[in-house]
Amino acid sequence: MNHKLKCAIIQLSKFEDCTQSLMALKAAQQLYPNLEISIICTEASSEAFKKISWIKNVFPFSHEKMILPLLSKRKVIDDQVPLLADWLEPILDETFNLVINWTFSEASSYLTALLPAQIKLGYSRKKDGTLAILDGWSHYIYGVIQSDCSQEIHLTDILTTQLLTALQVHFEDPADPGKQSVTSKSFFKIERKEWTTRNWNHPGKRWITIQLGTDASEKNWTASDFAKFAAMILRRHDEQQIILCGTEKEKPLEKEFLKILKIEYPHFRDDRSRLISMVGKTDFDLWTQIISDSQWVISNKLSAIHHACVLGTRVISVLSSSIKYLEAGPYGNGHFLIRNANPISLYALWTYAHTEWQHKRELKFTTHAENLRFLTEIKNVEVYRSRIRQSEEGGGVVYEPLHTYEENLQRWEGRVWSYLARNWFCGWTPEVAHEVTRQAISPELLKNIRSLEDPLQVLGQLFEKGEQLSLKLYHATKNLKSETLMSTEQKSKVASLGYELKEVESLIHRTTHLHTVLTPFDRLHRSLLHNLEGSKINELSHSTSESYAFLKHGLKDVEAWLKETLKISRPVAVVDLKKDNVISIHRESIL
Amino acid sequence: MEGNAQDNQLSETEVHFFLRAFLRELLKEQSNES
């Protein structure tokens with residue numbers, strides 16, 4: 001491993017997505033010490049990347065210089081092309097072994113196409129300008145993650161697997177990883193300030209960071225909810241200090257927070273040292289120092305959540321409405337996720353998490369809430385704890401529920417698609433439906449999955465027909481001397497098979513579009529067929545038949561899940577082995 | 001589906017087309033966000 005492996009990452013997304021990319025890159029860098037990483041990112045994220053010692057080059061893209069003049073109509077696109085070419089020049093001077101586009105956007109795909117490299121992954125463009133999806137995981141991102149359907153594989157795990165597989169398949173085997181951790185307090189080289197605030201380094205004081213601000217989809221949890229939660233902590237835990245963080249934009253939220261806090265915790269007027277606000281006062285270094293030194297970070301802001309995970313600080317992620325919480329939740333061991341929270345349930349969770357060393361998780365969360373007399377307040381709340389699975393269990397992060405929830409269609413489809421992805425791209429799968437228990441299957445879920453039986457059957461027939469038609473097309477064209485000169489009979493046969501294949505495509509769309517769990521099949525079908533290998537009709541038709549075989553394979557897994565879930569939900573006769581007679585019937589779900 | 005080796009030989013016209021398209025799509029994304 002003496003030679004360098006030069007790898008460019010295109011990550012023009014928001015800061016929180018960059019942090020997720022960082023964890024994947026760190027894992028790869030530990031396994032491939034000869035990896036020389038360059039990052040193409042937004043100017044806003046570049047500050048963080050520049051503070052990482054193992055990243056060789058950072059190429060910041062300035063929206064302010066390139067796009068704002070276009071938005072304000074001061075410039076037109078042709079005015080900006082030379083500026084863009086100048087920015088691109090030093091990047092083009094590098095010769096990369098690998099270019100990966102982790103932005104997964106239409107715009108960034110043009111950048112992938114412009115960069116020369118031995119191997120490319122992610123979204124790119126073909127010479128005709130149409131979207132090129134270059135690898136299996138990127139098809140999964142397009143087909144499943146960017147659809148309305150749920151899935152449960154964490155994005156960090158997807159990026160890590162995609163990168164490590166490419167390195168192993170196209171370049172070389174990894175070095176022995178040892179037992180190094182991906183996250184660390186010294187992830188970023190920052191200038192630490194001696195002073196953060198009074199009592200910051202006091203050995204008997206514990207700090208919680210509450211990061212104000214909210215992502216677009218999280219409107220139900222407000223600054224006043226955080227204030228009520230903070231007041232409970234200040235009233236009940238003398239050793240606990242709280243630090244508020246946020247950007248200049250969050251100043252109105254800070255005002256709202258402090259207004260409610262003074263009502264809920266009147267002593268705050270006399271003892272202001274226990275809650276310090278740093279909203280609008282931190283640069284990247286100080287923010288990183290605060291998060292790194294805190295015992296807990298509690299937030300609904302993904303940037304703070306992922307930043308804390310990278311720095312190895314424990315997180316409680318407050319999610320109220322996001323449906324895709326399992327693929328972008330806090331990454332690592334021992335973080336918590338709470339949905340539909342109220343200030344009291346968040347307090348119950350924090351006290352449970354904070355005293356784990358004492359109860360060693362032998363105490364149930366519900367019992368803990370009952371002891372606090374908060375059982376009613378946690379009734380509609382979902383709580384999960386994160387755990388990194390051992391590689392023999394499939395690896396990756398998993399969110400384990402702290403109490404039993406009814407299985408709904410969204411959760412079920414999430415499990416199914418995650419199973420499919422593992423089966424397609426990892427070669428490892430757990431037993432079908434092993435996470436589903438009879439108690440959790442509701443009558444509504446049963447009704448919903450039964451409604452999938454007919455469309456699944458039709459879809460199976462369509463994939464079969466697609467495969468057969470494309471194979472016929474392959475056989476009809478494989479011996480053609482020319483694709484332009486053929487007999488009238490041959491021409492009409494090829495045209496008729498092409499027409500039938502087109503019909504199949506439109507029927508697939510019509511069969512899937514009413515069922516969220518099936519829509520990824522339509523999206524995958526389109527992306528696979530648009531990215532076929534080959535240029536001649538026989539090559540393309542052969543590749544088409546392979547795509548249909550791939551989809552058929554996935555569909556069989558969905559059918560297996562459906563059958564197994566229905567089987568699990570059936571009433572079970574419990575046999576008394578001594579008397580050898582049936583003694584009772586368990587019927588925990590209404591069929 | 002393990003990553004495609006790409007033909008990187010783009011002509012000057014193609015490079016110009018991709019540069020323009022990149023800016024056009026970014027502009028579209030930014031307009032949608034704001």
Side-chain angles (χ1 to χ4, degrees), chain A residues 12 61 63 66-68 70-71 76-78 80-85 88 92 95 98-100 105-122 124-129 132-139 162 165-166 168-170 216 424-425 528 531 533 546-547 550, chain B:
Chain A
L12 295 168
F61 177 82
H63 277 86
M66 308 269 190
I67 304 299
L68 283 188
L70 297 175
L71 274 173
V76 292
I77 285 178
D78 280 336
Q80 297 299 79
V81 169
L83 202 62
L84 179 63
L88 207 56
L92 293 174
T95 316
L98 182 62
V99 166
I100 309 187
S105 69
E106 294 267 330
S108 64
S109 61
Y110 288 101
L111 211 48
T112 323
L114 284 160
L115 299 186
Q118 209 175 331
I119 299 293
K120 296 186 188 184
L121 303 176
S124 183
R125 290 278 153 179
K126 295 179 184 181
K127 281 199 169 195
D128 63 6
I133 300 178
L134 302 175
D135 61 291
W137 278 114
S138 300
H139 278 291
Q162 183 198 32
T165 311
Q168 195 165 8
V169 168
H170 298 287
W424 275 330
F425 310 122
L528 287 167
N531 291 278
E533 280 171 30
E546 285 178 339
S547 299
F550 175 85
Chain B
M1 294 196 299
E2 292 153 348
N4 295 349
Q6 295 284 293
D7 175 11
N8 291 306
Q9 300 302 312
L10 296 176
S11 69
E12 208 176 308
T13 323
E14 284 163 342
V15 169
H16 190 77
F17 170 74
F18 282 171
L19 289 173
R20 289 187 89 258
F22 175 57
L23 288 170
R24 193 186 59 234
E25 284 300 322
L26 267 184
L27 183 62
K28 214 190 281 175
E29 281 174 14
Q30 294 287 308
S31 313
N32 289 343
E33 268 179 37
S34 55

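To find a chain, count down the sequence lines: A is the first, B the second, and so on, and within it residues start at 1. Below, all heavy atoms of this structure are taken into account, side chains as well, without hydrogens, waters or symmetry copies.
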Fill in the blank from the handout: d(B/Glu25 CD, A/Ser109 OG) to nearest 0.5 Å is 7.5 Å
Practice task
Walk me through it: do B/Leu10 and A/Lys127 pass the test side-chain contact (heavy atoms from CB on, under 4.5 Å)?
Solution key: CA-CA 8 Å; B/Leu10 296 176; A/Lys127 281 199 169 195; 4.1 Å; yes
Practice task
Flag yes if more than 12 heavy atoms outside B/Lys28 fall under 6.0 Å of its NZ atom; otherwise flag no.
Solution key: no
Practice task
Could you look at A/Leu12 and say if it's the side chain, the backbone, both or neither that has a heavy atom under 4.5 Å from chain B?
Solution key: side chain
Handout entry: Rounded distance (nearest 0.5 Å) linking atom CG of A/Leu88 with atom CZ of B/Phe22
Key = 8.5 Å
Exercise for the section: Check whether any side-chain heavy atom of B/Leu26 lies under 4.5 Å from a side-chain heavy atom of A/Met66, and answer yes or no. Expected result: no
Completion exercise
Between A/Ile67 and B/Leu23, the two heavy atoms sitting closest are CD1-CD2, 4.0 Å
Handout entry: Shortest non-hydrogen contact between B/Phe18 and A/Ala113, atoms and distance
Key = CE1-CB, 3.5 Å
Practice task
Evaluate the criterion side-chain contact (heavy atoms from CB on, under 4.5 Å) for residue pair B/Glu14 and A/Asp128; output intermediate values, then yes/no.
Solution key: CA-CA 9 Å; B/Glu14 284 163 342; A/Asp128 63 6; over 6 Å; no
Problem - Within-4.5 Å side-chain heavy-atom neighbours: A/Tyr110 and B/Arg24 - result: yes
Exercise for the section: State, yes or no, whether a side-chain contact exists between A/Leu70 and B/Gln30 at a heavy-atom distance under 4.5 Å. Expected result: no
Problem - Portion of A/Ile100 that has a non-hydrogen atom of chain B nearer than 4.5 angstrom - result: neither
Handout entry: Nearest atoms (heavy-atom pairs only) where B/Glu29 meets A/Glu106
Key = OE2-N, 4.0 Å
Completion exercise
Okay, A/Ser138 and chain B: the region with an atom under 4.5 Å from a heavy atom over there is neither
Exercise for the section: Can you measure from CG (B/Leu27) to CG (A/Leu68) and round to the nearest 0.5 angstrom? Expected result: 10.0 Å
